[in-house]
2 protein chains.
Amino acid sequence: MATIKDVAKVAGVAISTASYALNNSTKISQATKKKVEEAAKSLNYQKNGFASDLKRTKTNTIALVLSDLSGPFYSELIQGVQDITSANGYDLIACSSIGGPQSTAVRFLKEKRVDGAIILAHNISDEITLESARKDFPLVVLDRTLENEFVYHVEADNVQGAYTATEHLIQHGHEDIAYVSGPAISHDSIRRFQGYQDALKAHGIPYQSKWKFSGDFTKKGGYRATKLMIAQRDLPEGIFYANDEMAIGGLQAFQENGIDVPGDISIIGYDDIELAEYVNPPLTTIKQPKYDTGALSVHLIFQLLAGEKVNHHYKLPTELVTRQSVKLKTKVSE
Amino acid sequence: MATIKDVAKVAGVAISTASYALNNSTKISQATKKKVEEAAKSLNYQKNGFASDLKRTKTNTIALVLSDLSGPFYSELIQGVQDITSANGYDLIACSSIGGPQSTAVRFLKEKRVDGAIILAHNISDEITLESARKDFPLVVLDRTLENEFVYHVEADNVQGAYTATEHLIQHGHEDIAYVSGPAISHDSIRRFQGYQDALKAHGIPYQSKWKFSGDFTKKGGYRATKLMIAQRDLPEGIFYANDEMAIGGLQAFQENGIDVPGDISIIGYDDIELAEYVNPPLTTIKQPKYDTGALSVHLIFQLLAGEKVNHHYKLPTELVTRQSVKLKTKVSE
DNA sequence: GAATCCTATTGAAACGTTTCTATAAATGAA
DNA sequence: TTCATTTATAGAAACGTTTCAATAGGATTC
């Protein structure tokens, strides 16, 4: 590989001149600039990114840390991140945190191979996040809250979203409303449970622990929780699943047992994944402002890199998407 | 940030000693090794990745170049890539080629910020690929063929897959079979068209150009092509859509026009995306060995990095997934 | 024509590692 | 005791850039 030394030699100038010429410095005459560029072209010269980064102590790259590169993909969120990143002339790379402390993601964070990072990876421990965060290396976390001077937090408002979902069921005449949770440690699930409880309370419906079921954010988990409910022969009037995947699993369980949704029971999900529109019946759910979440996250990083001060916490509003899995309950008896 | 210099100073040793100690050289006594490690810990030392890469001229990282980080995601393919990469102790990063020559992907390729790359991005020009490929920098392309000493090619067998799909329709009694293509320049689409034609020929069915429709691999494109077919009031007996997305768009068009699939017309897709199973009717389609494609790609890269010789072209077999969008045609009249 | 100011160019240091080579100390053989 | 050998450590060069400070020469001013 040709280096800048070779280019300088061929062009007959000093190394520094070559560097200036290739970096469009104004101090270089047009003639020498041309000479250098031609030399570079003839040698098929490409700068060595590492050497350059090393000297500049700046990479012009933002990392998006995902728990698993192979999905589930938050494509709108990434779109938001991507758009803003490239609008600012930065590069974006995605890396996975599979493998824990040995993972690519952790290496990139610790070795500061990027200028800033957005973390959406439950398997990156808080400890590692805190160790990596430092001055001039802003970190935005999306799936947890963390108190640290250099860690920032953006989230869709889980409490409000869950409140809306639950209230929607209540407004459709349902009182016995179950909640199918995500993993116990999930920040999102905990918040959504909070919103669920808040809504019940606000409408004078006492919370009953028998209506809380444990899921794990997977289709199978939703299926199992629902089977359990059915087996207990004591169905609620409505179910709020902490995410769409589980709701779809639940749908399958109901189908298998000849229980009609929404005829016999109303259900509502959370996330508005692509599939939600296609299942039968189409799933009513809560849509999160994913694009905005992504866009805001990078935006904050750029503000911070520019030395501005920003808040440590941001909450974005969610939105109810009405489809056909919730039905108005006409109180026949009672 | 603490550097190795600081560590050496605190530990009271030379820089080189510190370096050896941190890199587990055998020549260092246990005592000093411990001393250095403690110093590193106390300073929260993290090595500078660039400096290290610069000296080593090796990054231990493989890049996966995607046309758009926000999907459509070939999650199984990525899984394959990921598994093999980490099994070899390498890091994997994904980067996008949005923005053409200014994109992150192109920079990473040209500036050789990785040891090898897998390219699955139609918007990376052949020219750039060829410019980037060089000795000790193996490139695997998945969505085109390219003749170059340092470029390798892995693909699911498009011709065979399309042949199988078309033959499946033929074997179900269909003769008038339409093909809805992807973008004209798409390598995949062209190959699939070839397979379609081959199957017709093999079964003595003449190819009619009126049965070729232009799509673009999107849902909307499939919808439009299908609408056009319906408007012409001359429907084929079966349609082979060059991918599932378009088939699903087509399904919607048929639904809107009260045409029953597969009662009135059989359709088949290509890809076996997740949605295919959920649409109504579930879509018969061709499944590609995505995981294997990904795994083989990285495997080749490692072989090449190790100095081994491998073939330049690999073709992996596809598989028919039978669902309910194709029906046996009982020839009532004629 | 001397003094001043630009402008284009150069030389050299620096970024933080790794690694080759040299050296000093410790060990062993004679 | 001396010399050779091993071992642990140190010194310094190198990787390929960028950029500060220095310089030379030409243009401008009076």
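These numbers come from a predicted model, not from an experiment. Throughout, a chain's letter reflects where its sequence line sits, starting with A, and its residues are numbered from 1.
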> Under 3.5 Å, side chain of A:Asp83 to main-chain N/O of A:Gly80, donor-acceptor pair present?
Replying inline: no
> Checking B:Asp143 side chain against B:Ala121 main chain: does a donor-acceptor pair fall under 3.5 Å?
Replying inline: yes
Whole-Å distance separating the [atom1] atom of [X] from the [atom2] atom of [N]:
X	N	atom1	atom2	answer
B:Phe50	C:dG16	CZ	C1'	12 Å
B:Ile28	D:dA10	CD1	C1'	10 Å
B:Lys27	C:dT18	NZ	P	17 Å
B:Asn24	C:dT18	CG	P	11 Å
A:Asp6	D:dC15	CG	C1'	13 Å
B:Gln30	D:dA8	CD	C1'	13 Å
B:Lys112	D:dT17	NZ	P	13 Å
A:Glu111	C:dC15	CD	C1'	16 Å

> For B:Gln288 and B:Ala156, which heavy atoms make the closest approach, and how far apart are they?
Replying inline: OE1-CB, 3.1 Å
> Looking only at heavy atoms, what is the nearest atom pair of A:Asn88 and A:Ile84, with distance?
Replying inline: OD1-O, 3.0 Å
>> What's the separation between atom CD1 in A:Ile4 and atom CG in A:Asn48, rounded to the nearest 0.5 Å?
In response: 11.0 Å
Taking only nitrogen or oxygen atoms into account, show me every contact under 3.5 Å that the protein makes with nucleotides 19-23 of chain C, one pair per line with its distance.
| from | atom 1 | to | atom 2 | distance (Å) |
| --- | --- | --- | --- | --- |
| C:dC20 | N4 | B:Tyr20 | OH | 2.6 |

> Between A:Arg134 and A:Phe150, is NZ or CZ placed under 6.0 angstrom from the six-membered ring centre and within 45° of the ring axis?
Replying inline: no
> Closer to the 5' end of DNA chain C via nearest nucleotide, is it B:Ala2 or A:Ala31?
Replying inline: A:Ala31
> Among C:dT9, C:dT18, C:dG16, which nucleotide sits nearest the side chain of A:Thr32?
Replying inline: C:dT9
> Does NE2 belonging to B:His153 count more than 12 external heavy atoms closer than 6.0 Å?
Replying inline: yes
> Can you find a side chain N or O atom of B:Ser29 that sits less than 4.0 Å from OP1 or OP2 on D:dT9?
Replying inline: yes
>> Below the 4.0 Å mark, does C:dT18 have OP1 or OP2 next to a side-chain nitrogen or oxygen of B:Asn23?
In response: yes
> If you find the nucleotide of DNA chain D closest to B:Lys33 and the one closest to B:Thr57, which residue's nucleotide is nearer the 5' end?
Replying inline: B:Lys33
